[in-house]
Novice: 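Dumping the structure here so I can ask a few things about it.
Values below: every heavy atom of this structure, side chains too, minus hydrogens, waters and symmetry copies. For the single chain, residues carry numbers from 1 onward in sequence order. In this text the structure is predicted, and so the values were computed from the model without any measurement.
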Amino acid sequence: MTEITTHQASRRRLLIALAITCSFMVIQVIGAYYSNSLAVLADAGHLFVHNSSLFIALIASSLAIHFAKTYNDGHQRAELFGGLVNGFLYLAISLIILYEGGERYIHQHEGNELAINSYLMSVIAAIGFLFHGAAAWVLYKGRKASINVYAVFLHSFFDLISTVSTFVAGILIYFTGWVVIDILSSMLIASFVLFTGVKVIISCIKGLRLNKAKLPKVTDIESEITDMEHVHNVHNVTVTRKYKGVVVGAHVVLKEHCTIEKHDEACRMKVEQLLAEKFNVRNSVLQIESHECHHIH
């Protein structure tokens, strides 16, 4: 499977997952209104940010298809900025839920207890389990092919667990009548969202700091390698940032006598040396070929 085909498959999985989770988010918002459950509303807020993260992952996957040759700096920065926006959304929603939970707790102690439809609350959570289960299953099958799909799969899995928490809270309220359980459940979800938001923001800020250094241009690398004595031409050049380093990939086509004389390894070392000296690139994935090989572009 080629890189572009992989991204197309990832995009399809993300689209399906987004359709599933958006449908359930609408059900949750309506259900939260009629059940008067803050826990269901908190879960809906969490799912709203999750869907925006999924949407950004979908955009990133689409960009990767159109810019496969230069799948690097711009794509990664866009993803990091999107993640930063999502991180602040996490913070905003979690703080609103925590504030509303505090208000409800105070009103309850003052004797203004709100009636909660615990049956409807548990039914919505049970439906959510099915929706999140379906989304997680779709993403699970493609988790190894894309880091975006893997990240969203983990999020869907945690959403699956949160529906179990809301379901149990509904059952407990039904049998005990303790409305405070709804408040505590919502605050638990909001605290998790708050923690996730802070973690996402820190991660994105670190990523943006590492991303400040510009990557070498593909055209410059192509030109320098092509000008080498034993190189016939070079194609499929990619430049990507991995952790703190830069990785260059290329198909280097050598002149015929170089492959006949079997010093292609020496030529590979010369290309690696050029990348290190000219572009400060220490990691590379080079495919050495003969100029008589035919390629499908």
Novice: So, for Phe24 and Gly128, which heavy atoms are closest and what is the spacing to 0.1 Å?
Specialist: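 So the two residues come closest at CZ-CA, 3.0 Å.
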
Novice: Can you get from Ile97 to Tyr105 by hopping between Ile, Leu, Val, Met, Phe, Trp and Tyr side chains that sit under 4.5 Å apart?
Specialist: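 Yes.
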
Novice: Could you list the residues that satisfy side-chain contact (heavy atoms from CB on, under 4.5 Å) with Val123, not counting sequence neighbours?
Specialist: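 Partners of Val123 under the side-chain contact (heavy atoms from CB on, under 4.5 Å) test: Tyr119, Ile127.
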
Novice: Report the distance from atom NZ of Lys255 to atom CG of Asn233, rounding to the nearest 0.5 Å.
Specialist: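 If we round to the nearest 0.5 Å, Lys255:NZ and Asn233:CG are 11.0 Å apart.
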
Novice: Working note: Val253 + Val234, criterion side chain to side chain contact (heavy atoms under 4.5 Å, CB included); need CA distance, chi angles, decisive distance, verdict.
Specialist: CA-CA 6 Å; Val253 183; Val234 61; over 6 Å; no

Novice: Kindly write out the residues that satisfy salt bridge (charged side-chain N to carboxylate O under 4.0 Å, His left out) with Arg282, not counting sequence neighbours, or none if the list is empty.
Specialist: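 Checked Arg282 against salt bridge (charged side-chain N to carboxylate O under 4.0 Å, His left out); zero matches.
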
Novice: For the residue pair Ala44 and Met25, what are the closest heavy atoms and their distance?
Specialist: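 That would be O-CG, 4.1 Å.
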
Novice: Tell me whether Leu47 is reachable from Phe167 by hopping between hydrophobic residues (I, L, V, M, F, W, Y) whose side-chain heavy atoms are closer than 4.5 Å.
Specialist: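 Different hydrophobic clusters.
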
Novice: What pair of heavy atoms forms the shortest contact from Arg268 to Ile288, and how long is it?
Specialist: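 Result for this residue pair: NH2-CG1, 3.7 Å.
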
Novice: Taking side chain as C-beta onward, heavy atoms only, is Asp220 less than 4.5 Å from Pro216?
Specialist: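 Side chain of Asp220 against side chain of Pro216, heavy atoms only: no contact under 4.5 Å found.
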
Novice: Output yes when a side-chain donor or acceptor of Ser185 lies under 3.5 Å from a complementary backbone atom of Ile181, and no otherwise.
Specialist: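 Pair absent, no side-chain N/O of Ser185 close to backbone of Ile181.
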
Novice: Give a yes or no on whether Ile27 and Tyr33 share a hydrophobic cluster (residues Ile, Leu, Val, Met, Phe, Trp, Tyr; joining criterion: side-chain heavy atoms under 4.5 Å apart).
Specialist: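 The answer is yes; both residues are in one hydrophobic cluster.
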
Novice: Same cluster or not: are Val168 and Val179 linked, directly or through other Ile, Leu, Val, Met, Phe, Trp or Tyr residues, by side-chain heavy atoms under 4.5 angstrom apart?
Specialist: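 In one cluster with Val168: Val179, yes.
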
Novice: Kindly give the heavy-atom pair with the smallest separation between Leu275 and Ser284, and that separation in Å.
Specialist: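 Taking every non-hydrogen atom into account, CD1-CB, 3.8 Å.
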
Novice: Calculate, to the nearest 0.5 Å, the distance between atoms SG and CD belonging to Cys267 and Glu272 respectively.
Specialist: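 So the gap between those two atoms works out to 11.5 Å.
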
Novice: If I take atom OG from residue Ser118 and atom CZ from residue Phe175, how far apart are they, to the nearest 0.5 angstrom?
Specialist: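 Result: 9.0 Å between the selected atoms.
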
Novice: Quick one: which residue pairs count as a side-chain hydrogen bond (donor to acceptor under 3.5 Å, both in side chains) with a foot in residues 22-32, not counting sequence neighbours?
Specialist: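 Those involving residues 22-32 are Gln28-Asp43.
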
Novice: Does Leu184 have any side-chain contact (heavy atoms from CB on, under 4.5 Å) partners at least two apart in sequence or in another chain, and if so, which?
Specialist: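 Val180.
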
Novice: What's the separation between atom CG in Asn117 and atom OG in Ser37, rounded to the nearest 0.5 Å?
Specialist: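 Result: 9.5 Å between the selected atoms.
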
Novice: Can you name the nearest heavy-atom pair linking Ala39 to Met121, along with the distance?
Specialist: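 Between these two residues, the closest heavy atoms are CB-CE, 3.9 Å.
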
Novice: Quick test of your reading: applying side-chain hydrogen bond (donor to acceptor under 3.5 Å, both in side chains), list the pairs with at least one residue in residues 164-178, sequence neighbours left out, ordered by first then second residue.
Specialist: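 Pairs touching residues 164-178 that pass the test: none.
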
Novice: Hey, does the side chain of Thr226 reach the backbone of Glu222 with a donor-acceptor pair shorter than 3.5 angstrom?
Specialist: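 Yes, the answer is positive, given that a donor and an acceptor are paired below the 3.5 Å cut-off.
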
Novice: Run the side chain to side chain contact (heavy atoms under 4.5 Å, CB included) check on Leu274 and Met228 step by step: do they pass?
Specialist: CA-CA 9 Å; Leu274 179 141; Met228 293 181 70; 3.8 Å; yes

Novice: Is the number of heavy atoms from other residues, nucleotides or ligands under 6.0 Å of Phe48 CZ greater than 12?
Specialist: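 Atom CZ in Phe48 is not crowded, with 12 or fewer foreign heavy atoms closer than 6.0 Å.
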
Novice: With a 4.5 Å cut-off on side-chain heavy-atom distances among I, L, V, M, F, W and Y, is there a chain of contacts connecting Ile124 to Leu160?
Specialist: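 They do share one cluster, since a chain of ILVMFWY contacts under 4.5 Å joins Ile124 to Leu160.
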
Novice: Decide yes or no on side chain to side chain contact (heavy atoms under 4.5 Å, CB included) for Ile201 and Phe88, but give the supporting numbers first.
Specialist: CA-CA 7 Å; Ile201 290 171; Phe88 283 111; 3.8 Å; yes

Novice: Quick check on Phe131: does its CZ atom have over 12 non-hydrogen neighbours (other residues, nucleotides or ligands) under 6.0 Å away?
Specialist: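 Yes, enclosed.
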
Novice: For the atom pair NE2 (His235) and CD1 (Ile225), what is the distance rounded to the nearest 0.5 Å?
Specialist: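 One gets 11.5 Å once the value is rounded to the nearest 0.5 Å.
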
Novice: Atom CD1 of Ile93 and atom CG of Leu41: how far apart are they, to the nearest 0.5 Å?
Specialist: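 The CG atom of Leu41 is 9.5 Å from CD1 of Ile93, to the nearest 0.5 Å.
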
Novice: Please give me the minimum heavy-atom distance between Met187 and Leu98, naming the atom from each residue.
Specialist: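 The answer is CE-O, 3.6 Å.
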
Novice: Could you give me the CA-CA distance, side-chain angles and deciding distance for Val248 and Thr238, then say whether side chain to side chain contact (heavy atoms under 4.5 Å, CB included) is met?
Specialist: CA-CA 6 Å; Val248 169; Thr238 59; over 6 Å; no

Novice: Could you name each residue pair satisfying salt bridge (charged side-chain N to carboxylate O under 4.0 Å, His left out) that touches residues 173-201, not counting sequence neighbours?
Specialist: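 Sorted pair list: Arg104-Asp182.
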
